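Note sheet for the following structure.
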Amino acid sequence: MIDIRLVREDPARVKAALARRGVPPEDVDAIARLDGDHRAALARQEVLRARVKALSREVRDAKRSSDTARAAVLADESRRVGEELKAAARETDRLAADLRTLVLYTPNLPSDDAPDGRGPEDNVVLRRWWPGQDEGAPEPVPSDHQRVPHWEVGSSLRILDMPSGARLAGSMFPLYRGEGARLLRALTSWALTRHADAYEEIRPPTLVLTDTMVSTGHLPKFADEAYHIERDDLWAIPTAEVPLTSMRRGEILEEADLPVRLTAVTQCFRREAGAAGRETRGLLRVHEFEKVELFAYATPAQAPAVHLDILSRAEALLRELDLPYRVVDLCAGDLGTSSARTFDLEVYAPGSDQWLEVSSVSWFGDYQARRADVRFRPADGGPPALVHTLNGSALAWPRIWAALVEWGRQPDGSVRLPGVLSPWLGSGLAIRPG
RNA sequence: GGAGGCGUGCGAGAGCGGCCGAAUCGGCACGAUUGGAAAUCGUGUGUGGGGCAACCCACCGUGGGUUCAAAUCCCACCGCCUCCGCCA
């Protein structure tokens with residue numbers, strides 16, 4: 001949630017910031033109006049309640065002095081005020097609920113540093129990297145044998161079986177087999193080990209309560225994007241960000257313990273409503289996938305450094321995998337709802353001939369922390385303040401799998417995999433046609 | 001899933017329906033004492049909303065209800081513990 005106090009005190013600033021995302025100023029006015037109504041109603045309610053409490057004390061005193069008649073009169077008066085109070089409370093609750101709904105649907109204010117722009121076409125490519133770049137090697141040009149899309153490579157090597165996945169769960173549910181499945185396991189083990197120096201490994205639940213989904217901003221606005229288990233009212237998480245953000249929900253952390261850095265591998269579930277058709281072949285867009293996530297709770301002062309740490313860790317993994325990539329600074333219009341600033345990492349896949357988003361590294365400010373009510377007690381003894389949350393994939397495996405298989409394809413049709421994975425791949429660094 | 005017990009502040013733990021935002025002990029902070037420390041003594045110590053302030057309001061797992069008045073009574077739900085059942 002955005003800070004309602006900021007809407008109250010500096011609506012112009014909120015309007016200007018949200019306008020960069022395309023939010024009309026009237027939306028901010030509506031929030032301000034409802035907030036004013038709610039506060040006025042609350043004030044009326046409090047006066048009435050104070051009156052009831054005062055009368056109740058007088059009833060008590062009258063009874064103590066055995067003045068039954070007076071006690072009865074006072075009790076009647078209190079009952080009457082109590083009815084008024086009830087009505088006032090209903091009004092306050094209604095306004096509060098309306099206000100909350102409105103605020104829950106309002107996106108975060110983009111960071112001043114995020115570039116201007118309306119959509120993906122306005123994102124800024126900050127830099128590119130490719131193997132050997134430091135030694136002056138030119139950007140690699142894929143050979144013909146690398147121009148085969150991963151779904152063809154996967155099918156002919158029998159390491160990816162999309163038809164079987166579709167038979168089990170429908171389209172866009174991949175089924176990996178043999179060395180293809182083992183490659184996923186290797187990537188996960190390798191990545192978690194690489195983060196273990198500073199990030200505590202977590203295995204969270206992947207089905208969560210509605211409140212947990214609301215805290216990150218995935219609900220109520222994007223209910224159509226998530227799988228929902230109706231009978232038990234649980235949601236399948238679209239990313240480990242969801243359980244990790246709520247791990248300390250409602251708590252006050254000590255500043256000395258910050259930043260709290262966590263890493264987790266989870267299955268991620270996305271309905272991808274409306275994504276049918278384009279760019280859904282093979283592993284480019286799937287309903288269920290595995291991803292290693294980096295996450296942190298930080299003080300506002302720590303947040304920028306943590307943001308860069310997560311970004312550099314995700315980049316380091318790509319470099320160790322020898323995958324050419326670019327860093328994209330998302331413009332205000334293309335930011336996710338909860339994010340204030342996001343860097344996407346995109347890998348080039350020669351067979352699919354596309355830049356594939358394999359990581360999204362975001363700084364959420366206090367937007368999610370306010371929804372999740374996660375605060376910290378400043379070391380200087382000041383009042384508790386909201387933490388900042390940050391996260392980034394490191395990394396999402398299906399598209400990495402695709403890029404590895406396409407770049408690694410040899411003239412003889414086999415696939416060579418990067419050396420860093422050798423401890424987890426056992427004997428074979430290469431997947432050969434069998 | 002069945003039976004029973006319990007959910008109070010940083011922790012432990014009290015709390016005849018009114019004087020309870022809450023005893024007491026511990027922890028922590030500050031002060032006194034001390035050459036310094038321990039011990040001792042004193043003071044303070046929740047979160048949020050409103051008001052220039054005095055002060056007012058909310059919160060004792062969550063949500064309803066009873067009552068002039070609810071931490072306290074009633075109902076439902078959730079969580080934890082114990083026993084039974086089932087189970088990878």
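Naming: A, B, ... by sequence-line order, numbering from 1 per chain. Both backbone and side-chain heavy atoms feed into the values below; hydrogens, waters and symmetry mates do not. Because the structure is predicted, anything quoted here is derived from the model rather than measured.
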* Pairwise P distance for B:C86 and B:G17, with rounding to whole Å -> 44 Å
* Do we see a donor-acceptor contact under 3.5 Å between the side chains of A:Glu241 and A:Gln368? -> yes
* **Exercise: do A:Thr342 and A:Ser339 side chains pair donor with acceptor under 3.5 Å** => yes
* To do: In whole angstrom, give me the gap between the P atoms of B:G63 and B:C78.
  => 15 Å
* Do A:Phe173 and A:Val286 have side-chain heavy atoms sitting under 4.5 Å apart? -> no
* **B:A71 to B:G46 separation - C1' atoms, rounded to the nearest Å** => 16 Å
* Structure fact -> Which of B:C68, B:U66, B:G49 is nearest the side chain of A:Val59? It is B:C68
* B:U34 and B:U40, which share atom name C1', separated by this distance in whole Å -> 11 Å
* C1' atoms of B:G26 and B:U45, separation to the nearest Å -> 13 Å
* Rounded to whole angstrom, note down the C1' distance from B:C68 over to B:G15. => 23 Å
* **A:Glu179/A:Arg158 salt bridge by N-O under 4.0 Å criterion** => no
* To do: Using only heavy-atom distances, determine whether the side chains of A:Lys291 and A:Thr239 contain a donor-acceptor pair under 3.5 Å.
  => yes
* Structure fact -> The contact string for nucleotides 54-60 of chain B, one letter per nucleotide 5' to 3', using protein heavy atoms under 4.0 Å with B, S and - for base, sugar-phosphate only and none, comes out as --SBS--
* Asked: If you measure from the C1' atom in B:G9 to the same atom in B:G5, how many Å do you get, rounded?
  -> 23 Å
* What is the base-pairing partner of B:G17, counting Watson-Crick and G-U wobble geometry with both distances under 3.5 Å? -> none
